[in-house]
Every structure is written in C-alpha cells, then in structure tokens.
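Right, one structure below, let's go through it.
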There are 2 protein chains.
Amino acid sequence: MSIIKITDETKKESISTEDYLKAIYKLMNVSSGSVKTQDIANKLGVTSAAVSEMVKKLATKELLDYIPYKGVRLLPEGIKKGKLVIRRHRLIELYLHEYLDIPRNMVHEEAEVLEHFASDYLINKMDKKLGFPQFDPHGAPIPDKNGIIPTHKTAIPLSESKKGDVCKIVRVSNFDSELLEHLENEGITIGVLITVSGILEFDGTVQVRIGEKTSSLSTKICQNIWVDPIN
Amino acid sequence: MSIIKITDETKKESISTEDYLKAIYKLMNVSSGSVKTQDIANKLGVTSAAVSEMVKKLATKELLDYIPYKGVRLLPEGIKKGKLVIRRHRLIELYLHEYLDIPRNMVHEEAEVLEHFASDYLINKMDKKLGFPQFDPHGAPIPDKNGIIPTHKTAIPLSESKKGDVCKIVRVSNFDSELLEHLENEGITIGVLITVSGILEFDGTVQVRIGEKTSSLSTKICQNIWVDPIN
DNA sequence: TTAGAAGTTTAAGCATGCTTAAACTTTTTG
DNA sequence: CAAAAAGTTTAAGCATGCTTAAACTTCTAA
Ligand SMILES: [Mn+2]
Ligand SMILES: [Mn+2]
Ligand SMILES: [Mn+2]
Ligand SMILES: [Mn+2]
C-alpha cells in the first residue's frame with residue numbers, strides 16, 4: 001500500500017488543455033514574446049472567444065500568465081507540460097513510421113490524437129525500442145524526459161543556402177500531408193543529399209539536384225527545409 | 001476530389017458510446033437475453049441513472065432496442081460496433097505485448113483507452129504485423145474485420161476437467177491485473193501444459209501440476225481458465 | 001394479494017469546452 | 001486626434017455525459 005499525493009503537477013490535464021499548451025509553446029518559439037488570442041485560435045481551429053475562456057482557466061492553474069487584451073506567456077510548469085506533449089507526439093510519429101510502416105505524411109494525424117492517450121509507461125517503452133532517438137520522422141527534435149531539446153547544430157534553412165552548396169536534408173517542417181507527400185515524391189526528404197544548382201534572383205526560388213532529378217522550391221518552402229551543408 | 005457520404009454507420013461514435021456498446025455486447029453473451037440497467041452500470045462504473053439516459057440515446061440511433069424497466073438488446077448495427085471495439089482492444093493488447101514487451105497483466109488498461117483512438121488504418125497495420133492473429137494475450141478471440149469470431153474448438157473450463165487430465169491453457173479471462181500477475185507467477189498462463197493432479201470433493205478446488213510446481217485453484221478461478229485437453 | 005424492497009427512470013444540476021452575438025479595448029488611418 | 005477597423009472578452013446557449021434525489025415500476029414474500 002502506498003500513498004500518492006495528487007498535486008497540481010501530477011494531475012493529468014485534459015485533451016484540450018494539452019493541445020493549448022502545445023500550441024502556445026510552439027507559438028512562443030516563433031513570436032518569441034507573448035502570444036495572441038487569435039494566433040492560438042487559428043492554430044487550434046477554434047474561435048477567439050473559446051481561447052479567451054480557456055486561457056483564463058490556464059492562468060488560474062498557473063500554467064501561464066495572461067494579461068487581457070495583451071496576450072499570454074507560458075510559465076515554467078506550462079512549458080514543461082507543453083514540451084511533454086510534443087515529446088509524446090514526436091516519439092509516436094517516429095514509432096509509427098519505423099515500426100508500423102506508416103508513411104511520413106500520415107503519422108502526424110495519428111499522433112495528434114494518440115499524444116493524449118499513450119501513457120508515460122508506453123511512451124518510455126517506445127523510446128527504448130527506438131534507442132532514445134533525438135529526431136522525429138520530419139527531423140523535428142524530440143525533447144527528452146527532462147525537457148532538453150536536441151538541435152541540428154550546423155543546419156541552416158535551405159533558403160539561406162548558396163549556389164553550389166551540397167547539403168543533407170535534416171528537417172522538413174510545418175507542411176501538410178499533401179505537400180509532404182509531394183516533396184517526398186520529388187525526393188525531398190530527411191537524410192537525402194542535395195546540390196543547390198541555382199537560386200533565382202527574381203523571387204529566390206531555389207533549384208536543387210537530387211541524384212538525376214531536379215526540383216524548384218519556393219522561398220516559403222525553403223524556409224521550412226533545414227539542411228546540413230557538407231563543407 | 002471525392003464525395004464521402006456521412007451516414008449513421010460511418011460516423012464515429014463517442015468514447016462513452018463505444019464503451020457502452022462493448023459492455024452491453026459482453027453482457028449479452030453471458031446473460032444471453034436482455035441486459036439490465038444495473039449490470040451495465042456496474043460494468044462501467046457509472047450510476048443506473050446515467051445508463052438510463054444513455055440507452056435512450058442509443059435506442060434513438062437504432063443501435064439497440066430498449067424497453068424501459070425491462071432492459072436492452074443490441075441491434076445488428078450495435079453488435080457490429082461493439083465487436084469492432086473489442087477487435088481494436090484485443091489487437092492493441094496483443095501488439096503491446098508482442099512488440100513493446102508490455103506484460104500481460106498491464107496491457108488491458110492501456111488498451112481500454114487506446115481502443116477508442118487507434119484509427120482503422122493503424123489497427124490494420126498492427127493486424128498485419130501480427131500476422132492476422134486469432135487470439136489476444138489472454139487467449140480471448142479477436143473478431144476479424146467482418147465480425148467473425150474465432151473459437152478454441154475443443155477447449156473446456158478447467159473447472160470441468162477430471163483428475164489425471166493433461167491439458168494446455170488456452171484462455172485466462174476476466175481477471176484483474178493483480179490476479180493475472182499472481183497466476184503468471186504460478187506458471188498459469190497461455191500456452192502452458194498442466195496436469196490435473198486432483199480435485200477436492202469439498203469445494204471443487206483443482207490441484208494442478210506445472211512442471212515441478214503445484215498450484216491450487218478455486219472453482220471460481222477455474223471457471224475462467226480454459227484448457228485444451230491433450231487426449 | 002399486497003406491502004415493502006429492489007430496480008429503474010426522471011429531474012435538476014454540474015463540468016468541460018465549444019459556438020455566436022454583443023460589448024469592450026486597442027490599433028490604425030485619414 | 002478622432003473615427004473606423006481590428007482584435008478581444010463577456011454573455012448566453014448548446015452538447016455530452018456524469019451526479020444525486022425524488023418519483024415511479026416491478027418483483028417478492030408474508
Ligand atoms: Mn507532427
Ligand atoms: Mn492533439
Ligand atoms: Mn482486455
Ligand atoms: Mn474503453
């Protein structure tokens with residue numbers, strides 16, 4: 001017999017709460033400041049009214065700081081929980097891809113729901129099977145149990161590469177299933193070696209060679225493809 | 001572009017609805033008649049009032065027949081959906097046991113939640129990896145995609161065995177995690193060969209030999225252990 | 001056969017999390 | 001700098017699914 005203290009930290013958050021924390025965490029990393037109601041609403045596909053109500057509750061739980069009309073900022077506990085959701089999400093994606101042959105462009109939607117229901121016990125089993133991996137199938141970093149996030153140390157966005165560069169794709173992020181599938185068909189996927197054969201003056205379109213094939217990639221797309229230059 | 005018709009059959013049921021259908025399906029197989037409010041309430045750990053309300057809704061959806069004060073009987077669509085939840089549950093249990101080294105006595109609670117969230121796509125991937133298995137880690141049958149349920153054709157409950165019988169354990173059912181773990185420690189688990197070394201007149205306690213070891217099993221327990229007599 | 005026990009349903013209320021519409025605050029712009 | 005636009009919050013309401021308490025039905029046993 002053992003007594004387990006249920007503190008605010010041990011209590012499991014609701015699915016919605018987890019999705020809010022994850023979304024806010026990600027938004028904090030791009031806007032690197034306070035996050036706006038509407039940005040959260042867009043990310044989660046709900047109305048701003050819903051976000052207003054929810055952040056009020058999250059503020060009460062001390063997961064974030066909320067200044068009405070100004071925005072929201074995660075507190076340490078909120079950051080920790082947000083990272084943990086991301087950890088579960090990415091481990092699940094990798095597991096599904098590696099062990100159940102689920103294509104990269106399909107793992108996200110499965111993970112989006114399973115991230116809330118796979119127990120820590122199960123997550124740790126997957127982690128172990130996978131050999132404590134650092135990156136998911138899109139090259140996104142997997143926070144470890146303590147929230148430490150690995151990095152692609154020498155990587156740059158493809159949009160900042162120069163003509164003639166030879167590099168390895170290390171991350172392909174923020175794309176929907178359809179676009180991911182298209183890129184994969186073009187040969188643009190994690191681990192692949194590419195050569196930057198040209199960059200258009202006009203709009204920054206990057207032309208790359210992958211083996212025999214050639215692809216043109218818009219600036220917007222290139223900002224979301226990270227590569228490791230090979231010297 | 002394709003048009004998908006959302007009919008009552010294709011629409012996903014809520015978690016609660018799935019649990020109700022599964023519970024009622026199981027209860028129909030033991031009482032083989034109409035199922036009572038209170039039995040459902042006990043199985044699901046909710047009040048009878050909650051069950052009353054819910055079965056009214058399920059009746060509207062034509063998943064079951066409901067006669068107030070009399071009971072409930074699943075209709076074909078309800079049976080189909082109940083079986084599908086069981087299929088998902090058991091495939092998940094087996095997958096977790098086989099591929100993630102989760103012990104038999106722990107797979108149930110994971111499956112109890114994942115059964116509602118693993119997509120058909122994912123379930124079919126697991127099914128394939130497992131080689132379209134017929135039984136879960138407790139020996140319970142896994143309904144196939146069409147709802148066909150395999151059987152242990154020649155199995156009998158251990159409670160009906162005779163002294164001297166040599167048999168193989170094919171199913172260990174209805175036990176909680178703790179009891180399952182205890183039985184496993186005793187060597188009473190799927191696939192194991194046992195010899196019935198005696199049956200007590202007094203209360204039907206069955207004494208079995210497993211290799212060098214000996215165990216005494218109450219009638220109640222023996223009714224839930226199924227064995228295949230080896231001639 | 002009938003009173004009381006047992007079982008079931010209805011009613012009222014709560015929690016979560018969403019919506020739309022109205023009210024309010026902040027930002028932008030002429 | 002004030003009016004309009006943009007963004008945010010509050011208010012009211014809905015859906016789901018649960019609870020307890022009260023009302024109702026059915027079963028059982030004297
Ligand atoms: Mn993802
Ligand atoms: Mn999610
Ligand atoms: Mn189970
Ligand atoms: Mn369940």
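Atom set for the values below is all heavy atoms of this structure, side chains included, hydrogens, waters and symmetry mates excluded. Proteins come first, then strands; the chains are lettered A, B, ... in the order of their sequence lines, and each starts at number 1.
- Applying the salt bridge (Lys or Arg N to Asp or Glu O under 4.0 Å) test to E53(A) and every residue at least two apart in sequence or in another chain returns nothing.
- Checked by atom type and distance alone, the side chain of H152(B) pairs as donor or acceptor with a backbone atom of G139(B) at under 3.5 Å.
- For the salt bridge (Lys or Arg N to Asp or Glu O under 4.0 Å) test, no residue two or more places apart in sequence or in another chain qualifies with K56(A).
- Contact check, K36(B) against dA6(C): no side-chain N or O comes under 4.0 Å of OP1 or OP2.
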Review item, side-chain donor-acceptor pairs of residues 217-224 of chain A, under 3.5 Å, at least two apart:
from    : atom 1 : to      : atom 2 : distance (Å)
S218(A) : OG     : I221(A) : N      : 3.2
T219(A) : OG1    : D203(A) : O      : 2.8
N224(A) : OD1    : N174(A) : ND2    : 3.0
N224(A) : ND2    : K220(A) : O      : 3.1

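- Atom-to-atom, CD of E18(A) to P of dG17(C) comes out at 11 Å; the value is rounded to the nearest Å.
- Separating the CD1 atom of I40(A) from the P atom of dG17(C) is a distance of 15 Å, rounded to the nearest angstrom.
- Pairs of residues two or more places apart, or lying in two chains, that qualify as salt bridge (Lys or Arg N to Asp or Glu O under 4.0 Å) and include a residue from residues 131-143 of chain B are R90(B)-D136(B).
- Here dG17(C) presents its C1' atom at 12 Å from CG of D19(A), a figure rounded to the nearest Å.
- The separation between L21(A) atom CG and dG17(C) atom P is 11 Å, rounded to whole Å.
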Polar pairs (N or O, both sides) under 3.5 Å between protein and nucleotides 18-20 of chain D?
from    : atom 1 : to     : atom 2 : distance (Å)
dC18(D) : OP1    : S16(B) : OG     : 3.2
dC18(D) : OP2    : Y20(B) : OH     : 3.3
dC18(D) : N4     : E53(B) : OE1    : 3.2
dT19(D) : OP2    : T47(B) : N      : 3.0
dT19(D) : OP2    : T47(B) : OG1    : 2.8

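- At the phosphate of dT25(D), neither OP1 nor OP2 sits under 4.0 Å from any side-chain N or O atom of K70(B).
- Residue pairs satisfying the salt bridge (Lys or Arg N to Asp or Glu O under 4.0 Å) criterion with at least one member in residues 112-127 of chain A, sequence neighbours excluded, are listed as follows: K22(A)-E112(A), K22(A)-E115(A), R87(A)-D127(A).
- The NZ-P distance, from K57(B) to dT10(C), rounds to 13 Å in whole Å.
- Atom P of nucleotide dG17(C) and atom NZ of K56(A) are separated by 14 Å, given to the nearest angstrom.
- L58(A) has its CG atom 12 Å from the P atom of dT16(C), to the nearest Å.
- Protein atom OH of Y66(A) is 13 Å distant from nucleotide atom P of dT25(C), rounded to whole Å.
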